[in-house]
Each structure stands twice: as C-alpha cells, then as structure tokens.
2 protein chains.
Amino acid sequence: MTQVVGKNQERISRRQVDKFAERRAQLAASALQTLSELGYARTSLREIAQNSEFSHGVLHYYFRDKVELITYCVRQYKAECVTRYDQIVITAGSAEELKHGFGAAMAGTLREDATMHRLWYDLRNQALFEESFRDDVLEIDQSLEQMIWRIVSHYAELAGSPAAASPAVAYALFDGLFQQALLRFLTGRDSAPADLQAGVEQLLERLVTPA
Amino acid sequence: MTQVVGKNQERISRRQVDKFAERRAQLAASALQTLSELGYARTSLREIAQNSEFSHGVLHYYFRDKVELITYCVRQYKAECVTRYDQIVITAGSAEELKHGFGAAMAGTLREDATMHRLWYDLRNQALFEESFRDDVLEIDQSLEQMIWRIVSHYAELAGSPAAASPAVAYALFDGLFQQALLRFLTGRDSAPADLQAGVEQLLERLVTPA
DNA sequence: GGCACTTCTTGACAGTCGTCAAGACTTTCT
DNA sequence: AGAAAGTCTTGACGACTGTCAAGAAGTGCC
C-alpha cells in the first residue's frame with residue numbers, strides 16, 4: 001500500500017525515496033495537465049492515468065486516494081507560480097520599468113498558462129464547497145497576496161509615495177482584473193492580454209497615488 | 001417527453017403552459033438550492049429531486065437533460081440578482097448616500113446570499129471548461145458589469161467628476177473585492193462583510209477621483 | 001541462478017451517474 | 001361516467017467512478 005523501504009539497505013533507501021518522490025511528481029504533472037484541460041468536475045483517475053505512461057492502478061501505489069493526489073498537485077502548482085514575478089522586482093531599476101515588466105509578465109502568463117490559471121480558480125472555488133483542499137488553497141492564496149504585495153510595495157518605494165491600499169485589497173483588485181482577462185482570453189477575445197497589461201499598469205499607478 | 005398540448009383546447013392550454021412553467025421554476029429552485037450547497041461537481045439529479053417533493057424521474061419530464069436544467073437555473077438566478085442595486089441608484093440623493101448604500105448592499109448580500117454567490121463563481125468557472133453554459137454565463141456577466149456601471153456612473157454624476165475607468169475594469173475590480181470577501185466570509189472570518197463595505201466605498205471614491 | 005523487494009498491470013468490487021421506458025395516478029374535457 | 005391528456009413514480013439500462021487485491025514484471029543483491 002504505502003511505500004515499504006528495504007530492511008537494512010540504508011545506502012539505497014535514500015535513492016528509492018528519491019525515485020518514489022520523482023514518480024509522484026511525474027504523476028502529479030500528468031494530473032495537473034488533465035485537470036487543467038477538463039476541470040475538477042470531469043477529471044477521473046483513469047483519465048489522469050491515460051495522460052501518463054502508466055495504468056490507472058499505479059495512482060493508488062503513489063497516492064493514498066484522490067484527495068491526496070489533488071492536494072499534492074495543488075502544492076506542486078504553488079511552487080511553480082508563487083515566485084513568478086520576483087525576478088522582475090529584483091531587476092527593475094525604476095518605477096516605470098517595474099510597472100511595464102509586471103504588466104508584461106501578467107499578460108504573458110495569461111497567454112501562456114491560461115489553462116493552468118483556469119484550473120487554479122476552479123480549485124479555489126472547490127475549496128468553498130469542500131473542506132479537503134481548503135487549507136492548502138488558502139495558503140496558496142496568501143502566498144499570491146504576498147507576491148503581489150512585493151510588487152506594489154517595491155513600486156511604491158521606487159515611485160516615492162506610499163501604497164494606498166492594504167495587501168489584501170491590492171491582491172483582490174489585481175486578481176479581479178486577471179480573472180476577467182482570463183475569461184475573455186479563453187472565450188476568444190484576442191485583445192485580452194493587451195487590455196490586461198494596460199489595466200494592470202493603470203491600477204499599479206493608482207495604488208500608489210494618494211487620493 | 002416534451003410537453004404535449006391538447007389538440008383544440010386553446011382555453012386551457014394557456015393554463016397548462018403556466019402550470020408547466022411554474023413547475024419548471026419550482027424544480028429549478030430546488031436545483032439551485034442543491035447546487036449552492038454542494039457545488040456543480042457534486043450535484044446529481046437524484047440529489048436535486050430529493051431536495052424537492054418529487055422523484056428523480058420527473059426532472060426528465062420538465063427538462064430535456066441535465067444541461068438544460070442547469071442552464072434554466074442559471075437564467076433564473078440572473079433574473080433575481082441583476083437588478084439588486086438598482087433601487088439604491090434610484091433613491092440615492094447624494095454621492096455619499098449612494099456610496100454607503102452600495103457598500104452596505106454588497107456587505108448585506110455577502111452575508112445573506114453567500115452560498116448563491118459561491119455557486120455563481122462555480123458556474124462561471126465551469127463555463128471556462130464547458131461550452132454548454134458559456135453563452136448564458138457571459139450574458140449574465142455582462143449584465144452584472146452593466147449593473148456595476150450604473151452605480152459607478154451615477155456616483156460620478158453625483159460627485160461631479162467623471163469616472164476614471166471603463167465599465168469592464170470597474171466591474172473587474174469590484175468583482176475581485178467581492179470574491180475575496182466571499183472566500184473569507186465562507187472560511188469563517190466574521191469581519192469580511194465590514195471589510196468589504198470599507199473596500200467597496202474606498203474603491204468607488206477612487207474610481208471617480210482623477211489621477 | 002535464486003532471492004527479496006519494488007514497481008506496475010489487470011481485473012474486479014460496490015456504488016453512483018444520466019437517461020429512459022412502462023405504467024400508475026391525476027386532472028380535465030365531453 | 002368514460003375517454004383523453006397531463007403528470008408523476010418506479011425500476012431498469014449501460015457507463016463511469018474510486019478503490020483495492022492478486023499477481024505479473026522489473027530491479028538489484030547474494
């Protein structure tokens with residue numbers, strides 16, 4: 001059922017643990033791909049297995065049940081996206097540069113990772129109905145809020161005026177913009193990324209301009 | 001299968017159509033209640049029927065299939081909520097009054113109709129994966145955007161300065177605030193409605209203040 | 001080679017799902 | 001009253017779900 005490590009083979013047990021973790025990550029990647037294509041409601045374990053190179057039974061060798069698999073997926077998703085804009089914060093030398101870099105990065109990930117973002121909103125919503133993922137989802141949401149706040153506060157610093165909103169409000173506003181852009185992008189409106197970039201940059205300006 | 005009306009009984013056919021429509025609405029109400037409790041992914045026709053006073057077979061007498069039922073539900077939901085704030089716009093005599101009325105109304109519906117809002121976001125997200133509800137969802141979303149814009153533009157009028165955002169952006173920002181407040185409210189943060197009211201009022205001010 | 005252990009496949013299970021058809025019950029009209 | 005139309009229940013169907021157990025296939029050690 002769960003992983004069993006050899007009795008007195010300490011040398012290789014480390015290697016086996018690594019292989020075990022690697023395969024978990026590999027299967028989680030297949031699961032994430034399937035989830036992002038079909039959504040939570042329509043994703044079954046057999047479908048996930050078909051998107052991998054294994055059969056459906058193997059999922060229960062690496063994950064206790066469906067909940068543990070999806071929880072693991074959510075955590076893996078988080079690791080990828082929580083530091084998405086940090087490089088921009090580090091390298092930006094001016095407020096203008098940061099603003100354009102952030103706007104372009106938002107527009108870029110909208111274009112490139114649209115289905116993954118769609119999945120994120122799907123799972124965040126599931127957490128409103130189901131207790132299971134709630135803690136992980138809330139933790140990711142908080143990390144995203146902090147990521148946004150690193151942008152806003154650094155921009156305020158570069159611009160020389162204090163930020164005029166709390167981290168929570170700033171995150172909510174950018175998230176609203178992004179979610180609407182995602183809806184439009186996925187329903188075929190090609191101008192969505194450019195519109196998002198403009199909206200994001202305008203919002204960033206206004207968030208550090210005193211009323 | 002579908003409704004069959006008597007041959008030459010024009011007098012009563014009208015009454016039968018009404019009864020038919022009434023029962024559809026009644027069943028849709030049961031469906032909406034079930035959906036708001038369980039979410040789209042976990043709602044089955046049998047569960048819906050158990051939340052009504054009928055057996056599961058009757059759903060296929062009044063609705064062709066599950067998609068038509070949920071589509072009908074979405075439309076019924078729309079009719080209820082699209083004019084939610086219009087009374088406030090009409091009766092508000094000053095910018096201040098409109099601002100407080102709107103903030104209080106948002107906080108109030110967050111408290112009262114939280115599970116319905118949760119369902120709305122769930123269904124809007126389903127539309128990103130499924131083609132079926134997409135048109136209806138987009139139509140509702142547009143109506144909500146217009147509803148928000150009636151608030152913003154009227155507030156700008158009362159305040160004497162032009163609105164500094166497009167209808168789409170304004171809607172996205174308020175929606176972001178509301179969605180975050182919903183997440184917090186449903187996860188037990190009691191201050192969510194008050195925080196939402198404050199955030200909404202602040203945003204409304206800033207949306208009509210020139211940069 | 002034989003052995004211990006890990007990894008993966010296969011097939012089955014109990015349950016649920018949407019759908020539908022047959023028929024019973026109810027209402028309405030003549 | 002009897003016929004006809006409308007309404008609802010019951011029970012079944014095939015398909016799909018998560019889960020699990022039995023065993024085959026693969027891997028490394030003596």
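The basis for the numbers below is simple: all heavy atoms, side chains too, and nothing from hydrogens, waters or symmetry mates. Quick note on labels: first sequence line is chain A, next is B, and so on, each numbered from 1.
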B:Gln26 CD - D:dT7 C1' separation (whole Å): 13 Å
N-O pairing of A:Glu47 and A:Arg42 below 4.0 Å: no
Minimum-distance nucleotide (side-chain atoms of A:Phe20 versus C:dT7, C:dG18, D:dT19): C:dT7
Between C1' of D:dT17 and NE2 of A:His60, the distance in whole Å: 10 Å
All ring pair (Phe, Tyr, Trp, His ring centres under 6.0 Å) counterparts of A:Phe174, not counting sequence neighbours: A:Phe102
Interface residues of residues 36-50 of chain B with DNA chain C (non-hydrogen, below 4.0 angstrom): B:Thr43, B:Ser44, B:Leu45, B:Arg46
Between C:dT19 (C1') and B:Leu69 (CG): distance, integer Å: 14 Å
Nearest-angstrom distance from the residue atom OH of A:Tyr61 to C1' of D:dA21: 15 Å
Cation-pi check, A:Lys66 onto A:Tyr40 ring (under 6.0 Å, within 45° of axis): yes
5' precedence on DNA chain D between B:Leu59 and A:Val67 (nearest-nucleotide basis): B:Leu59
Distance, rounded to the nearest Å, where B:Leu27 contributes CG and D:dT7 contributes P: 12 Å
Rounded interatomic separation in angstrom, taking CD from A:Glu22 and P from C:dT7: 11 Å
NZ or CZ of B:Arg24 within 45° of B:Tyr72 ring axis and under 6.0 Å: yes
Ionic contact status for B:Arg84 with B:Asp113, cut-off 4.0 Å: yes
A:Arg184/B:Glu145 salt bridge by N-O under 4.0 Å criterion: yes
A:Glu68 CD - D:dT19 P separation (whole Å): 11 Å
Length of the line joining B:His56:NE2 and C:dC17:P, which is rounded to integer Å: 11 Å
